[in-house]
Q: 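One structure is given below, represented as structure tokens, and several questions about it will come after.
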Amino acid sequence: MSKLNAYYQLIKPGVMYGNVLTGIAGYLFAAGHYNRFDWWEFIATIIGMTCVVSAACVLNNYLDQDIDQIMQRTKKRPSVTGQVSGRAMLLYSVVLFVLGLVTLTLWTNWLVVTIGVLGFVIYVWLYGALSKRKSLHGTLVGSLSGAMPIAGGYAAVSGSVDIGLVVVFLILFFWQFPEFYSIAIYRRKEYKAAKIPVISVVRDVPTTIRWILLNTILYVLLTLALTPLGYTGWLYFLIMAYAGFIWIRIGIEGLSAQKPEKWARERMFRQSMVQILLLCVMLSIGPLLP
């Protein structure tokens, strides 16, 4: 792995791109609702958000070195292999954070800046350094930070907290439980070895599956609530209702799955990826649809 690629991997590209994608969806959703789109503001929001999220991921890599060397999927990260020093990681994170914060401060609004800082602090400290290692409820804390980008994108347009911002925040908040809990099932042994108290380790797999189903239902209901609230057209409602029905049905399958690890990886987790991509597309065009 080249040095440049090592630094690229430190920002956790999958996590970063996923978060920025929801930020874009949040901006376009609000722009459609408020009938206001500003290219410079949009670009500044995305650049600032990318830098802040990347900074949080780099610092999280620095803090998680002891855990990452145990887990199969993370033991080859540059932070573990020694390709990038701890001091370099800290400096890298600080530079990215400052760039992101300055960009958001100069070209967005105070609410976006506040959301960005909150997301950073929650992900790095409240989740990564504290609750992830000590509490069953670490996923809940992590889901708060994971829902910040879509709220930030929306806030760049709205400039205030309204019902639309609250609902899209909650949609992303509840989406993360089925997504992460499915990972917690099929990587249960790794989390147990690393002594990370995820629900599948602290409780059991059947309990985890029930929580997956409950949060899937809450996610679907919230996506549908945007239409009667006046934020989207009924075509959005019909498409999301159909997609939601499929995801809930998969959740129900888990209750009687003979091989829960296979169900979690090949059915629930994969469908969570389909759902988030569909959600981002539909939010972006939802206010414009009949």
Q: Which residue pairs pass the ring-ring contact (aromatic ring centres under 6.0 Å, His included) test with at least one member in residues 268-290, sequence neighbours excluded?
A: none
Q: Tell me, please, which residues at least two apart from Phe177 pass ring-ring contact (aromatic ring centres under 6.0 Å, His included).
A: Phe173, Tyr181
Q: With the threshold set at 4.0 Å, does a side-chain nitrogen-carboxylate oxygen contact exist between Lys189 and Glu261?
A: no
Q: Can you list the residues that meet the side-chain hydrogen bond (donor to acceptor under 3.5 Å, both in side chains) rule with Glu190, with sequence neighbours excluded?
A: Arg187
Q: Applying side-chain contact (heavy atoms from CB on, under 4.5 Å) to Leu96 and Ile11, what does each step give before you reach the verdict?
A: CA-CA 10 Å; Leu96 286 170; Ile11 67 173; 4.3 Å; yes
Q: Mind listing the side-chain donor-acceptor pairs of residues 146-157 below 3.5 Å, one per line with the distance, residues two or more places apart or on another chain?
A:
| from | atom 1 | to | atom 2 | distance (Å) |
| --- | --- | --- | --- | --- |
| Tyr154 | OH | Asp162 | OD1 | 3.0 |
| Tyr154 | OH | Asp162 | OD2 | 2.9 |

Q: I need the full list of side chain to side chain donor-acceptor pair (under 3.5 Å) pairs touching residues 262-276, with sequence neighbours left out, sorted by first then second residue.
A: Glu253-Arg267
Q: Using only heavy-atom distances, determine whether the side chains of Thr227 and Thr232 contain a donor-acceptor pair under 3.5 Å.
A: yes
Q: Check whether any side-chain heavy atom of Leu172 sits under 4.5 Å from a side-chain heavy atom of Ile276, and report yes or no.
A: yes
Q: Determine whether Tyr236 and Tyr231 satisfy the following criterion, side-chain contact (heavy atoms from CB on, under 4.5 Å), listing intermediate values before the conclusion.
A: CA-CA 10 Å; Tyr236 160 93; Tyr231 284 87; over 6 Å; no
Q: Contact between Tyr8 and Asn5 at the side-chain level, heavy atoms closer than 4.5 Å - yes or no?
A: yes
Q: How many angstroms lie between CD1 in Ile252 and CD1 in Ile209, if you round to the nearest 0.5 Å?
A: 13.0 Å
Q: Residues in ring-ring contact (aromatic ring centres under 6.0 Å, His included) with Tyr92, at least two apart?
A: Tyr7
Q: Once ring-ring contact (aromatic ring centres under 6.0 Å, His included) is applied, do any residues pair with Trp107, and if so which ones, sequence neighbours excluded?
A: Trp40
Q: Using ring-ring contact (aromatic ring centres under 6.0 Å, His included) as the criterion, list what pairs up with Trp125, not counting sequence neighbours.
A: none
Q: Distance-only criterion, 3.5 Å: show the donor-acceptor pairs between side-chain atoms of residues 55-63 and protein atoms not counting sequence neighbours.
A:
| from | atom 1 | to | atom 2 | distance (Å) |
| --- | --- | --- | --- | --- |
| Asn60 | OD1 | Lys12 | NZ | 2.5 |
| Asn61 | ND2 | Leu10 | O | 2.7 |
| Asn61 | ND2 | Cys57 | O | 3.4 |

Q: Less than 4.5 Å apart, side chain to side chain, heavy atoms only: is that true for Leu289 and Met282?
A: yes
Q: Following the transitive rule for hydrophobic clusters with a side-chain heavy-atom cut-off under 4.5 Å over Ile, Leu, Val, Met, Phe, Trp and Tyr, establish whether Val112 and Phe37 coincide in one cluster.
A: yes
Q: If you define the side chain from C-beta out and look only at heavy atoms, does anything of Trp175 sit under 4.5 Å from Leu279?
A: no
Q: Strictly by ring-ring contact (aromatic ring centres under 6.0 Å, His included), give each pair with a member in residues 184-205 just once, sequence neighbours left out.
A: Phe180-Tyr191
Q: Look at the side chain of Ser93 and the backbone N and O of Met89, then say whether any donor-acceptor pair between them is shorter than 3.5 Å.
A: no
Q: Please evaluate residues Leu283 and Leu28 with respect to the criterion side-chain contact (heavy atoms from CB on, under 4.5 Å), reporting the C-alpha separation (whole Å), side-chain torsions for both, the decisive distance (0.1 Å), and the verdict.
A: CA-CA 7 Å; Leu283 284 178; Leu28 295 177; over 6 Å; no
Q: In a table with atom names and distances, give each donor-acceptor pair under 3.5 Å that connects a side chain of residues 210-220 to protein atoms at least two apart or in another chain.
A:
| from | atom 1 | to | atom 2 | distance (Å) |
| --- | --- | --- | --- | --- |
| Arg210 | NH2 | Thr207 | OG1 | 3.2 |
| Asn215 | ND2 | Trp211 | O | 2.8 |
| Thr216 | OG1 | Ile212 | O | 2.7 |

Q: Among all residues two or more places apart in sequence or in another chain, which pass the side chain to side chain contact (heavy atoms under 4.5 Å, CB included) test with Ile67?
A: Asp64, Met71, Arg133, Ala194, Ile196
Q: Would you say Val52 and Leu106 are hydrophobically clustered, going by side-chain heavy atoms of ILVMFWY under 4.5 Å?
A: no
